[in-house]
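Since we're looking at a predicted model, the values are computed, not measured. For ligands, and for the atoms within them, numbers begin at 1 and follow the listed sequence.
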Amino acid sequence: MKVLVATQKPFAKAAVDGIRAIVEKNGHTLALLEKYAEQSDLVAAAADADALIVRSDKVTAEVVETAKNLKIVVRAGAGFDNLDLAACTAHKVVAMNTPGQNSNAVAELALGLMIYMNRNQFTPGTGAELQGKTIGIQAYGNVGRLVGQKAMALGMNVLAFDPYLTADKIEATGAKVAASLEDLYAKSDFVSLHIPATPETKGSIGRNLVSRMPKGACLINTARKEVINEEELMAVLTEREDLRYVADVAPEKAAEFAEKFGKRYFGTPKKMGAETAEANINAGLAAANQICDFFATGNTRFQLNK
Ligand code: 3PG
């Protein structure tokens with residue numbers, strides 16, 4: 001079988017080497033498409049692939065329709081808003097992700113961004129410490145829980161809100177449960193977002209929530225830029241000169257945010273939460289193993305389009 005790794009944002013070399021070793025050991029062949037310029041490059045490269053490994057690359061209906069041999073697509077990572085699951089299902093293509101494999105990298109970045117913002121983006125001036133402050137974690141999944149654990153180690157109070165978890169599951173980690181999403185925002189010096197981008201969550205973080213944050217608070221977004229209502233966030237940051245926003249990845253209107261809010265805003269130019277060798281290796285090798293296992297035994301654990 002031909003396994004194509006198509007990554008506009010390439011994996012670390014060690015991850016590619018590891019993926020190749022797994023694929024070849026299982027009797028398959030590996031093809032590599034990195035840093036491609038156009039979506040049409042992905043469509044063309046996938047045309048004769050039996051399996052596809054991607055990161056945030058867009059697996060559109062066109063990709064799936066053109067790739068007549070395609071049987072499985074694995075998103076090496078957590079968020080799968082880049083996969084057209086309906087098209088995969090329609091063409092009997094199994095779609096999977098590799099949950100948890102890059103979570104630590106994203107959680108470490110969230111902590112790093114908090115420190116960066118509290119220390120004037122590493123420019124001279126008096127900053128503030130994290131110890132004793134409250135962090136509100138919106139969605140307490142793989143990444144959210146790791147952020148909570150690391151924040152506790154720094155002496156922060158951790159509040160969490162997750163409608164899919166019972167209070168005892170959250171409390172067992174040492175975090176407190178927010179009574180509601182509004183309550184989470186009202187009580188947190190930092191709110192860290194760990195929700196996926198879905199039709200329900202897109203544009204859901206706006207005036208109603210951000211305006212409730214206490215004086216000097218900071219919103220941290222290492223989830224997806226699409227969950228933010230940028231117009232409303234910009235309006236609240238304009239009215240409330242104490243509030244701050246830090247994002248991996250920068251909003252659509254990044255230049256306007258930078259110009260209007262100066263050091264109260266920072267956005268990474270490219271999504272870099274999972275940009276560590278460890279995360280690339282964990283997620284890339286997991287993807288390769290899931291594909292080989294699927295071909296060998298039909299294992300569909302982690303299938304998204306069941
Ligand atoms: C994810 O959803 O797994 C992260 O956002 C990482 O995405 P990336 O592989 O495009 O860096």
Which of the atoms in ligand 1, numbered in the order shown and given with their element, are less than 4.0 Å from a heavy-atom of A274? 6 (C), 11 (O)
Quick note on ligand 1: atoms under 4.0 Å from a heavy atom of G79 include exactly 1 (C), 2 (O), 3 (O)
Return yes or no for this condition: an N or O of V106 is under 3.5 Å from an N or O of ligand 1. no
According to side-chain hydrogen bond (donor to acceptor under 3.5 Å, both in side chains), who are the partners of T134, at least two apart in sequence or on a separate chain? N157
Hey, is the main chain of D183 close enough, under 3.5 Å, to the side chain of R212 for a donor-acceptor pair? no
Could you identify the single nearest non-hydrogen protein atom to atom 7 (O) of ligand 1 and state the distance to 0.1 Å? K271 NZ, 2.7 Å
Could you tell me if the side chain of I195 sits less than 4.5 Å from the side chain of I205, heavy atoms only? yes
I'd like to know if M272 contacts ligand 1, where contact means a heavy-atom distance under 4.0 Å to any ligand atom. no
Over 12 foreign heavy atoms within 6.0 Å of NZ, K13: no
Heavy atom of the protein closest to atom 1 (C) of ligand 1 (residue, atom name, distance): R75 NH2, 3.3 Å
R224: numbered ligand 1 atoms lying under 4.0 Å from its heavy atoms: 1 (C), 2 (O), 5 (O)
Go through ligand 1 atom by atom and flag the ones less than 4.0 Å from a non-hydrogen atom of G77. 3 (O)
Angle between ring planes, Y116 versus F266, binned at 30° and 60°: parallel, tilted or perpendicular? perpendicular
Taking atom CD of E62 as the centre, does the number of heavy atoms from other residues, nucleotides or ligands within less than 6.0 Å exceed 12? no
I need the minimum non-hydrogen distance between G262 and Q121, along with the two atoms involved. O-NE2, 4.4 Å
Give the residue and atom name of whichever protein heavy atom lies nearest to atom 9 (O) of ligand 1, and the separation in Å to one decimal. R55 NE, 2.9 Å
Is there a continuous path of hydrophobic side-chain contacts, each under 4.5 Å between heavy atoms, that joins V143 to F190? yes
Heavy atom of the protein closest to atom 3 (O) of ligand 1 (residue, atom name, distance): A78 N, 2.6 Å
Which residue supplies the protein heavy atom nearest to atom 11 (O) of ligand 1, what is that atom called, and how far is it? K9 NZ, 2.7 Å
among protein heavy atoms, the one nearest atom 10 (O) of ligand 1 is S56 OG, 2.4 Å
